[in-house]
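These values consider heavy atoms only, across backbone and side chains, with no hydrogens, waters or symmetry-generated copies.
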Amino acid sequence: MSNVVIVGAQWGDEGKGKIVDLFTSWADVVVRYQGGANAGHTLVVGGIKTVLHLVPSGVLHPGKRCFIGNGVVVDPEALLDEVDLLKSKGLLSDPAQLVVSQNAHVILPWHKRIDAGREAKAGKAKIGTTGRGIGPCYEDKVARRGIRICDLLKGEALKIKLSERIDEANAQIAALGGERVELEPLYDLCMRRGERIAPYIGDVSEKLTHEAERGKAILFEGAQGTLLDVDHGTYPFVTSSNTVAGNAAVGSGLGPTAIDSVIGITKAYTTRVGNGPLVTELNDATGERLRSVGAEFGTVTGRPRRCGWLDALVLRYSARVNGMSGLTITKLDVLTGFDKVLIAVGYKLASGKTVTEYPSDSDLLAEAQPVYEELPGWKEPLGGMREYSELPDHARRYVERVEQLVGVEAIAISVGADRGETIVRKNPFRHA
């Protein structure tokens with residue numbers, strides 16, 4: 001069987017959760033490989049909405065094994081809340097269905113206080129962080145002073161590790177005007193949460209290797225999107241991890257040869273939450289219509305998303321840095337009713353130069369103006385369509401133009417929020 005990576009092709013919020021949930025029907029195992037509870041994957045199955053932040057979206061399929069890899073930073077409180085939610089829905093009755101990497105790093109209260117304090121003091125330089133401690137936790141990881149999931153089971157050794165970091169963390173918090181963290185209550189909290197998480201802790205690398213050796217199909221679930229990658233995104237307005245497909249191997253403990261194909265997820269238009277450049281942003285009635293019809297509000301923060309026309313330069317860049325073998329287009333139905341639909345095919349830079357490839361220096365984007373190609377719109381509702389041939393001629397023309405501009409085939413098209421409201425043209429596990 002093939003192993004497939006699902007990656008966001010824009011700035012996140014592309015509908016990855018729905019596509020992971022859909023493709024899990026062909027997979028045996030789903031693994032989340034980066035990010036933390038700053039990601040929000042919204043799933044609608046049979047009209048019932050479930051929002052997940054850490055547990056892989058494939059968990060809604062009974063019997064499918066789900067893994068949280070070493071590349072994820074885990075908020076124990078958020079994880080346990082999700083476990084309780086899933087159990088209330090009759091899922092996760094068998095603890096063996098979920099494995100949390102013993103090497104994943106733990107988000108602690110000081111990470112959240114530092115994160116929130118920095119953002120509050122940043123003024124116009126705000127990044128737009130969710131304030132959930134993701135960045136400071138990754139900082140501790142890279143500085144080799146982090147607390148890992150396995151440490152939650154180590155008793156007094158855990159207290160020593162906490163005590164070695166807490167004074168410096170409290171100094172950072174005090175400088176930001178926040179409330180200090182006390183050692184003993186924190187230690188007790190970590191011990192209690194470690195005890196509850198213990199049934200799920202394991203060696204994800206080893207277990208995934210065994211699954212692969214048994215011929216099981218693995219689906220790697222990314223969080224956020226390519227343009228939020230700390231190396232390849234619109235730096236510094238990025239997240240604190242590598243969101244691109246190459247990190248699927250690093251963040252799960254498998255070698256890169258385990259990956260057979262990469263499917264990029266893109267909306268039929270463009271959105272972004274938080275600050276940073278967005279060349280095709282529409283601050284007008286069209287942008288508001290996209291936001292309203294598309295229900296474009298952050299899953300984690302509730303913030304209204306910035307909306308704009310589709311950007312082919314972003315998608316072509318994303319295809320390159322991820323090595324995409326397929327594309328899934330979501331929310332095509334949101335474009336129904338527009339007389340015309342636009343796609344950015346170039347940028348006019350402040351220097352007057354026009355470029356047709358995404359600039360390597362993201363600072364150039366701040367003053368860039370989009371160069372659009374115009375296509376005719378369509379009026380027909382798409383929600384009931386399940387075959388590509390059923391789509392209106394102009395909707396098909398739009399999809400095919402995106403394929404041409406990006407150089408990647410669209411293997412699936414979402415025409416509604418529910419799992420079943422999807423036109424699947426190819427099974428990624430059979431065509432890897």
If we only count heavy atoms from C-beta on, is the [X] to [Y] side-chain gap below 4.5 Å?
X: Val73; Y: Gln34; answer: no
X: Val106; Y: Asp151; answer: no
X: Trp309; Y: Leu335; answer: yes
X: Tyr200; Y: Gln97; answer: no
X: Phe67; Y: Val29; answer: yes
X: Arg113; Y: Val181; answer: yes
X: Lys267; Y: Ile329; answer: no
X: Leu22; Y: Val20; answer: no

Less than 3.5 Å apart, any donor N or O on the side chain of [X] or [Y] sitting next to an acceptor on the other?
X: Arg291; Y: Thr271; result: no
X: Glu221; Y: Ser57; result: yes
X: Asp361; Y: Tyr235; result: no
X: Ser318; Y: Thr226; result: yes

Rounded to the nearest 0.5 Å, what separates atom [atom1] in [X] from atom [atom2] in [Y]?
X: Ser205; Y: Gln102; atom1: OG; atom2: CD; value: 9.5 Å
X: Leu227; Y: Leu278; atom1: CG; atom2: CG; value: 9.5 Å
X: Leu310; Y: Gln10; atom1: CG; atom2: CD; value: 6.5 Å
X: Leu86; Y: Leu98; atom1: CG; atom2: CG; value: 8.5 Å
X: Leu208; Y: Leu254; atom1: CG; atom2: CG; value: 5.0 Å
X: Arg214; Y: Thr209; atom1: CZ; atom2: OG1; value: 12.5 Å

Check [X] against [Y] and note the closest heavy-atom contact, atom names and distance.
X: Ser252; Y: Tyr33; result: N-CB, 4.4 Å
X: Ala412; Y: Phe23; result: CB-CZ, 4.4 Å
X: Val399; Y: Ala410; result: CG1-CB, 4.1 Å
X: Thr266; Y: Ala9; result: CB-CB, 4.3 Å
X: Lys64; Y: Gly58; result: CB-O, 4.1 Å
X: Leu332; Y: Ala395; result: CD2-CB, 4.5 Å

- Let me see the working for Phe237 and Leu228 under side-chain contact (heavy atoms from CB on, under 4.5 Å), right down to the final yes or no. CA-CA 7 Å; Phe237 301 99; Leu228 291 178; over 6 Å; no

Any ion pair linking [Y] and [X] (charged N to carboxylate O, less than 4.0 Å)?
X: Lys159; Y: Glu164; result: no
X: Arg180; Y: Glu182; result: yes
X: Arg132; Y: Asp75; result: no
X: Glu296; Y: Arg305; result: yes
X: Glu409; Y: Lys426; result: yes
X: Asp21; Y: Lys18; result: no

- Item | Chi angles and distances behind the side-chain contact (heavy atoms from CB on, under 4.5 Å) call for Trp110, Asn170 | CA-CA 7 Å; Trp110 64 59; Asn170 276 327; 5.7 Å; no

Side chains of residues 189-199: which donor-acceptor partners sit under 3.5 Å, not counting sequence neighbours?
| residue | atom | partner | partner atom | Å |
| --- | --- | --- | --- | --- |
| Arg196 | NH2 | Asp84 | OD1 | 2.9 |
| Arg196 | NH2 | Asp84 | OD2 | 3.4 |

- Message: Can you list everything that forms a side-chain hydrogen bond (donor to acceptor under 3.5 Å, both in side chains) with Glu281? Sequence neighbours excluded, please.
- Response: Arg306

- Task: Give the C-alpha distance, both sets of side-chain angles, the deciding distance and a yes or no for side-chain contact (heavy atoms from CB on, under 4.5 Å) between Gln369 and Tyr347.
- Result: CA-CA 5 Å; Gln369 296 298 315; Tyr347 298 157; over 6 Å; no

- Check salt bridge (charged side-chain N to carboxylate O under 4.0 Å, His left out) between Arg165 and all other residues, then give those that pass, not counting sequence neighbours. Asp140, Glu168

Report yes or no: does [X] contribute a side-chain atom to a donor-acceptor pair with the main-chain N or O of [Y] at less than 3.5 Å?
X: Asn242; Y: Val244; answer: no
X: Glu82; Y: His53; answer: yes
X: Asn70; Y: Ala104; answer: no
X: Ser325; Y: Val262; answer: yes
X: Asp333; Y: Leu382; answer: no
X: His111; Y: Leu108; answer: yes
X: Arg386; Y: Gly383; answer: yes
X: Asp203; Y: Glu206; answer: yes
X: Asp284; Y: Gly287; answer: yes
X: Arg32; Y: Gly36; answer: yes

- Could you go through the side chain to side chain donor-acceptor pair (under 3.5 Å) check for Arg272 and Thr234 one step at a time? CA-CA 11 Å; Arg272 177 170 195 165; Thr234 48; 3.1 Å; yes

- Query: Should the pair Arg289 and Phe338 be classed as cation-pi, given the thresholds of under 6.0 Å to the six-membered ring centre and 45° from the axis?
  - Reply: yes

- Query: Only one of Ile411, Leu405, Val406 forms a side chain to side chain contact (heavy atoms under 4.5 Å, CB included) with Val408, so which one is it?
  - Reply: Val406

- Message: For Glu179, I'd like to know if atom CD has over 12 heavy atoms of other residues, nucleotides or ligands within 6.0 Å.
- Response: no

- Message: What verdict does the side-chain contact (heavy atoms from CB on, under 4.5 Å) test give for Thr24 and Val30, after you've listed the backbone C-alpha separation in whole Å, the side-chain angles of each residue and the deciding distance to 0.1 Å?
- Response: CA-CA 7 Å; Thr24 297; Val30 185; 3.5 Å; yes

